[in-house]
Amino acid sequence: MPNSLIIAIDGPSGSGKSSVSRAVATELGLDYLDTGSMYRAMTWFIQELGIDVNDAQMVAKSAKADLIQPSIDPSEPGIRVAGRDVSLEIRGPEVTQGVSAVSAVPEVRSLMVNLQREIASNSKPGIVVEGRDICAVVLPEAPVRLFITADPDARANRRAKENGAEVTTTQADLEKRDLADSTRAVSPLEIAPGARVIDTTYMELSEVIAQVVDIARAANG
Ligand code: DC
């Protein structure tokens, strides 16, 4: 793909946005950044220090951007904290339960947003960046800005299947996180003005990928 294309993708958990983002990056030869993994890695670091994730002051004081080292290779996504690979740890229940509190801390967000912008602007081939505030805050000038969603039942079913977990518990967990993420004061999860909404409830993953690839190609001339 000519020019370094930037594709910004937001959406709630279980919407399929990660699978779509990775696949689109692979198909178009672009880099890929999972910003949720950065907030998760920061949460892991805070918990590893023994700090209570609800102690916003301590979280703000302890957060350091240069510790967080995400991979931008869509074929090998993962993340390191000060060189240690924590790709598995950040998917565990402790981090999942703590991440909404950590990602609501303004100092954490500003560190992560700066790092995300730096990674995107240094990307040679272009990049797919996925998260919650990418279209509105991180990369509002991105030529492709999408909001990928699905109804809550579909999202819970997909997440439960992914994690081999129970649907009811997953759904409760998801709803709790959705509520925390969409009602926080700084950069709540919302559809950014001008972002194109793709509802994947009744779509196969392959259809969503094809649609996003078409949109990206059209945007890139
Ligand atoms: O996409 P995920 O479930 O891995 O995201 C983990 C958490 O990080 C989620 O609860 C919301 C938060 N997050 C955020 O606040 N901003 C982003 N750009 C990405 C994720």
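As the structure lists them, so they are numbered: ligands from 1, and atoms in each ligand from 1.
Using a 4.0 Å cut-off between charged side-chain N and carboxylate O, D34 and R91 make a salt bridge. Ion pairing between R84 and E89 holds under the 4.0 Å rule for side-chain N and carboxylate O. Under the 4.0 Å criterion applied to side-chain N and carboxylate O atoms, R155 and D178 are assigned as salt-bridge partners.
The protein atom (non-hydrogen) at minimum distance from atom 20 (C) of ligand 1 is G36 CA, 3.5 Å. Of all protein heavy atoms, the one lying nearest to atom 12 (C) of ligand 1 is S103 OG, 3.6 Å. Here the heavy atom of the protein found nearest to atom 11 (C) of ligand 1 is D181 OD2, 3.3 Å. If you check which protein heavy atom lies closest to atom 19 (C) of ligand 1, you get T35 OG1, 3.4 Å.
Scored by the side-chain contact (heavy atoms from CB on, under 4.5 Å) test, P106 finds V186 as partners (sequence neighbours excluded). Contacts of R145 classified as salt bridge (Lys or Arg N to Asp or Glu O under 4.0 Å), with partners at least two apart in sequence or in another chain: none.
Proximity annotation for atom 2 (P) of ligand 1: of M112, R159, R132, R132 comes nearest, heavy atoms only. Between the choices R40, M38, R177, the shortest heavy-atom distance to atom 4 (O) of ligand 1 belongs to R40.
With rounding to the nearest 0.5 angstrom, the NZ atom of K17 is 9.5 Å from the OG1 atom of T149.
At least one N or O atom of R109, backbone or side chain, sits closer than 3.5 Å to an N or O atom of ligand 1. Considering backbone and side-chain atoms together, S37 places no N or O closer than 3.5 Å to any N or O of ligand 1.
Residue contacts with ligand 1, taken as heavy atom pairs separated by less than 4.0 Å, do not involve K176 at all.
Below 4.0 Å from some heavy atom of K17 lie the following atoms of ligand 1, by number and element: 1 (O). Listed by atom number, the atoms of ligand 1 under 4.0 Å from S100 heavy atoms are 10 (O). The ligand atoms of ligand 1 that sit less than 4.0 angstrom from a heavy atom of R91 are 4 (O). Every atom of ligand 1 is numbered from 1 in the order shown, and the set under 4.0 Å from a heavy atom of G131 is 18 (N), 19 (C). For ligand 1, the atoms closer than 4.0 angstrom to any heavy atom of D133 are 16 (N), 17 (C), 18 (N).
Residues I9 and I119 do not share a hydrophobic cluster, defined by chaining ILVMFWY side chains whose heavy atoms lie under 4.5 Å apart.
More than 12 non-hydrogen atoms from other residues, nucleotides or ligands lie less than 6.0 angstrom from CD of E207.
Residues D73 and S75 have side chains that bring a donor and an acceptor to within less than 3.5 angstrom of each other.
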